[in-house]
Amino acid sequence: MRTQPHAPRGYSYASALLRRFGLRYGISLGLVVVVIVVIVVARAGDHSTDSLVQRGADGGLVPSTSPIPDDGAASVPAPQPPSTSPGSATPQTVASRFATAWLRHTGVTAAAWRASLAALSTDRLDGELANADPQTVPADRITGPVALTDHAVSFVEADVPTDAGTLTLSLLATGGRWQVDAIDWEPA
Amino acid sequence: MTGPAGQPGPGGVITARGWPRRAILALAGTVVLSLLCCGGVVSAYFFGGFAGAASNGADAASANLTACGQHADVTPDGTLPTVSSLDREQVRDAAIIIKVGQDRKIPPRGWVIAIATALQESRLHNLPDLGARNDHDSIGLFQQRPSMGWGTPDQVADPAYATGKFYDKLVTIAGWQTMPLTQAAQDVQRSAYPDAYAKHEAFATEVVNALADGAARAAGSVVALQCTNPGQIAASGWTVPLVARISSGFRTPSRPTHNGTDLAAPKGAVIHAAADGVVTIVACQAHTVSGAPYSCDRDGSLAISGCGWWAEIQHAGNIITRYCHMMSRPLVVVGQRVTAGQPVGHVGMSGHADGPHCHFEVHTNGDDSAAGAIDPVPFMNQQGAPLGVRP
């Protein structure tokens, strides 16, 4: 039977510590103990993660001791250079032809403008241009060389500098034949 | 030690009252020294442990959406939050676009489309007729042309009117809620640069989230703002690739070179494209320890290196997603344009895997090397397509 209120255990340890070593060293020692406990607990949590990792048979998980770095790409291949089938125009040529036709937007009907782009466009882009207004072409002429960014063997982007900003064309190849699939515009 | 300060109080409780200055100084000094000495270690362990817990075991935590527009009342003339890189006028114009959308019961996908469109056409500035510097008679947030029937010059110069006209047109397009942003925007704008709107999708999402309590995380095509169900596409245009338990997180203390999130699911479960984009890689990557090629059409193991059957998709705004360890050749081909939610392949364990899962990566800045990888969990949360199993 307890008649007196009992202090929690931690307090009695703390007071014992203080009695034994005095205030300054007692508190320092206490803090050292706290830090060690925190580190041990944190490490234990970390380890439980590890064991979870090793346990998870359905998870395809990797123990940290694996000789192989991890389950992502062992190496990321550089984008392959764009491939063009023999006799077809290179993406550079297609981009520059398309840009020239795209910029020729004054004194032309919407239908004629779209028709001039259709042969160089994918069906998707041709569809997007169905109701497009050539009056909204914001530039008049190409001012420098076309710059290509390779994304894949059948996907490149072409930046065409113009007098009012940069025209960026996405080109896709089907069977080595390049067509423009998307038109992006960034005003200068 | 001196005096009564060091004496434990009744019941062993130490009271701070009456401690001498020296003792307090000593205590403070010790605390500072402890922090200086071990603080880094402790916080490193805490931080590492926290990150591990958030991404590893605690699916519930990682799948928790903070908000999906439940408190999305926007008052353009009231106090508005600041949004990085936008000035007050731009933020106000964005708020008007959202407010008009709310008043007209336009689902939140429409707000994202409208803001992305205005970012392209006017950088969210209510532009006057700029004459030769402009596209002919185009005016205002959406660069609408009075000569093409959008309204009088005064009308289209009013942001609320211009926004209303944009939405009027948008809702007439069949399926606008689920089509790629740039297609919906183009069907309204009829511009000569139909794909220019897509690159603003990510920032428009940020703006809507900032101004309307995370509304871009809500299901995109539902007027009543609510967080997405697994498989739904959020107003941001993103969806979960696979509804599955997170079995391992991004760069945890035990796996510092793990540049993605592992989603554990039964073999054959369908993996979906997380957003619209173009497929840039479809390949088999599996090698034995000696470097000999290994088939991706059979299960790999921890003794095999590589992603197995994998695919990579380039999205608008230079974001890239990667999907690894499929059980068979992916369902897409290089150069194919895919839409959010489109099947990409099936969960397997080809390459470096000891169980069926999809290793999912997100990269920014168009950098598909390890340096470009970001933690997919917070990223997908921001898009309203949280990874993991929801509570």
Side-chain angles (χ1 to χ4, degrees), chain A residues 5 7 11-12 14-15 18 22-24 27-28 31 35 38-39 42-43 45-46 49-50 52-53 56-62 64 66-74 76 79 102 105 124-125 128-129 131-138 151-155 170 172-173 181-185, chain B residues 1 5-6 8 11-14 23 26-27 30 34 38 41-42 45-46 48-49 52 56-57 135-136 183 186 190-196 199 247-248 252-255 257-260 262 264 278 280 285 302 305-307 314 324-325 334-335 349 352-357 359 361 368-369:
Chain A
Y11 288 121
S12 18
S15 62
L18 287 173
L23 178 66
R24 194 182 301 176
I27 288 174
S28 313
L31 281 168
V35 166
V38 164
I39 289 176
R43 270 181 183 277
D46 193 13
T49 303
D50 265 358
L52 177 115
V53 163
D58 63 332
L61 301 159
V62 190
S64 53
S66 168
I68 292 156
D70 223 307
D71 72 329
V76 181
W102 186 78
H105 67 287
R124 188 195 84 93
L125 178 61
E128 283 200 324
L129 292 174
N131 297 303
D133 176 4
Q135 299 296 306
T136 61
V137 170
H151 287 296
V153 66
S154 55
F155 174 29
S170 297
L172 300 176
D181 185 57
I183 308 172
D184 189 2
W185 170 254
Chain B
M1 284 301 293
V13 177
I14 303 162
L27 176 66
T30 317
S34 310
C38 318
V41 177
V42 173
Y45 270 114
F46 261 127
N56 273 339
D135 308 343
H136 301 265
Q183 192 185 335
Q186 169 64 3
R190 301 183 170 185
S191 84
Y193 35 83
D195 303 285
K199 62 176 177 285
S247 55
S248 192
T252 57
S254 56
R255 300 175 68 183
T257 60
H258 188 236
N259 297 316
D262 285 348
V278 178
T280 50
Q285 187 185 67
L302 298 186
S305 72
C307 253
Q314 168 108 25
C324 295
H325 310 304
V334 170
M349 54 176 291
H352 188 71
D354 69 349
H357 74 289
H359 170 93
E361 290 188 22
D368 71 351
S369 76

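Letters go in sequence order (proteins before strands), and every chain restarts at 1.
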Go through it in stages, so that I can follow the logic: the residues are Asp184(A) and Lys199(B), the test is side-chain contact (heavy atoms from CB on, under 4.5 Å), and I'd like the CA-CA distance, side-chain angles, deciding distance and then a yes or no. CA-CA 9 Å; Asp184(A) 189 2; Lys199(B) 62 176 177 285; 2.4 Å; yes

Got [X] and [Y] here, is their nearest side-chain heavy-atom distance under 4.5 Å?
X         : Y         : value
Arg190(B) : Thr136(A) : no
Gln186(B) : Ile183(A) : no
His357(B) : Asp71(A)  : yes

Taking it one step at a time, do Asp195(B) and Leu125(A) satisfy side-chain contact (heavy atoms from CB on, under 4.5 Å)? CA-CA 9 Å; Asp195(B) 303 285; Leu125(A) 178 61; 4.0 Å; yes

Between Ser369(B), Gly260(B), Cys324(B), Pro194(B), which shows the greatest number of heavy-atom pairs under 4.5 Å with chain A?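 Max contact count across the listed options: Pro194(B).
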
For [X] and [Y], which heavy atoms make the closest approach, and how far apart are they?
X         : Y         : value
Ala132(A) : Ser191(B) : CB-O, 3.3 Å
Gly72(A)  : Cys307(B) : C-SG, 3.6 Å
Gln314(B) : His151(A) : OE1-ND1, 3.4 Å

For Trp185(A) and Ala192(B), indicate whether the former's side chain and the latter's backbone hold a donor-acceptor pair under 3.5 Å.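 No: the side chain of Trp185(A) does not pair with the backbone of Ala192(B).
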
CG of Asp70(A) to OG of Ser305(B): how many Å apart, nearest 0.5 Å?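 So the gap between those two atoms works out to 11.5 Å.
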
Relative to chain A, which segment of Asn259(B) carries a heavy atom at a distance below 4.5 Å: side chain, backbone, both, or neither?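 It is neither, since no heavy atom gets under 4.5 Å.
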
